[in-house]
Amino acid sequence: MKTRIIYTKIWKDDFFATLNSTEKLLFIYFITNERVNIIHCYEITEREILFDTGIDRGILERFITKVEEAGRILFKNNYVFLVNAKRYEKYVG
């Protein structure tokens, strides 16, 4: 099992604070799901996202548009890239 740390300062982040509760759930899902890897780029299907979160497709589409426009998460052909994740990694190896 992988372990992910969510820094508590996320609750004070200007962008995160603008998200509604459903969008916050999605944001946390994208940064903590089991597919996240060391390069912060992973493949995941829309079906899997909808199943895991229980979110409606329309809400997911609006969320994707919002985070892409904000430059936080990029989506392309079932691939997800977490743009600023490297700032929070302390991997040494």
Side-chain angles (χ1 to χ4, degrees):
M1 174 192 332
K2 293 180 187 175
T3 302
R4 294 280 169 214
I5 295 172
I6 300 176
Y7 289 89
T8 55
K9 66 182 177 180
I10 194 170
W11 299 102
K12 302 297 182 198
D13 180 82
D14 289 337
F15 176 74
F16 191 77
T18 67
L19 303 176
N20 65 41
S21 58
T22 304
E23 293 169 335
K24 286 177 181 173
L25 167 67
L26 282 166
F27 192 87
I28 291 172
Y29 173 77
F30 282 108
I31 65 173
T32 62
N33 75 73
E34 67 181 15
R35 293 180 179 262
V36 177
N37 57 40
I38 195 164
I39 62 169
H40 311 110
C41 184
Y42 58 92
E43 185 176 17
I44 191 167
T45 64
E46 182 181 85
R47 183 199 59 76
E48 186 174 351
I49 297 165
L50 297 175
F51 178 80
D52 287 349
T53 63
I55 302 293
D56 177 80
R57 177 176 275 118
I59 293 171
L60 177 61
E61 289 171 358
R62 286 189 294 279
F63 173 79
I64 288 172
T65 300
K66 186 173 188 171
V67 295
E68 281 191 318
E69 287 175 356
R72 301 300 175 119
I73 305 174
L74 303 176
F75 299 85
K76 180 83 172 178
N77 300 327
N78 291 334
Y79 280 90
V80 175
F81 177 64
L82 307 173
V83 177
N84 293 322
K86 65 183 172 290
R87 294 188 314 176
Y88 299 101
E89 288 288 336
K90 293 189 171 137
Y91 176 76
V92 178

Distance in Å, Tyr29 OH paired with Ile44 CD1, rounded so as to fall on 0.5 Å steps: 3.5 Å
Rounded distance (nearest 0.5 Å) linking atom CZ of Phe63 with atom CG of Asp56: 14.5 Å
Atom pair CD1/CG of Ile49 and Asn33 - distance to nearest 0.5 Å: 8.0 Å
Residue pair Arg35 / Glu48: nearest heavy atoms and the distance that separates them: NH2-OE1, 2.8 Å
Any residue meeting side chain to side chain donor-acceptor pair (under 3.5 Å) with Asn78, in chain and number order, not counting sequence neighbours: none
Greater than 12 external heavy atoms within 6.0 Å of Glu46's CD: yes
Connected hydrophobic set around Leu74, excluding itself, where side chains approach under 4.5 Å: Phe81, Val83
Which residues share a side chain to side chain donor-acceptor pair (under 3.5 Å) with Arg62, sequence neighbours left out: none
Side-chain donor/acceptor of Arg57 to backbone N/O of Leu50, under 3.5 Å: no
Arg72/Asp13 ion pair, N-O < 4.0 Å: yes
Heavy-atom pair of closest approach, residues Asn20 and Thr22: OD1-N, 3.0 Å
Value rounded to 0.5 Å, distance of CZ in Phe27 from OG1 in Thr32: 10.5 Å
Min side-chain heavy-atom separation Ile10-Ile31 under 4.5 Å: yes
Within-4.5 Å side-chain heavy-atom neighbours: Asn84 and Phe15: no
Side chains of Glu23 and Thr18 in contact at under 4.5 Å (non-hydrogen atoms): no
Leu19-Trp11 co-clustered via ILVMFWY side chain contacts under 4.5 Å: yes
Check: Lys9 and Phe16 side chains under 4.5 Å, non-hydrogen atoms: no
Nearest-0.5 Å distance that lies between atom CD in Glu34 and atom CG in Asp52: 7.5 Å
Euclidean distance, Ile64 CD1 relative to Phe75 CZ, rounded to 0.5 Å: 4.5 Å
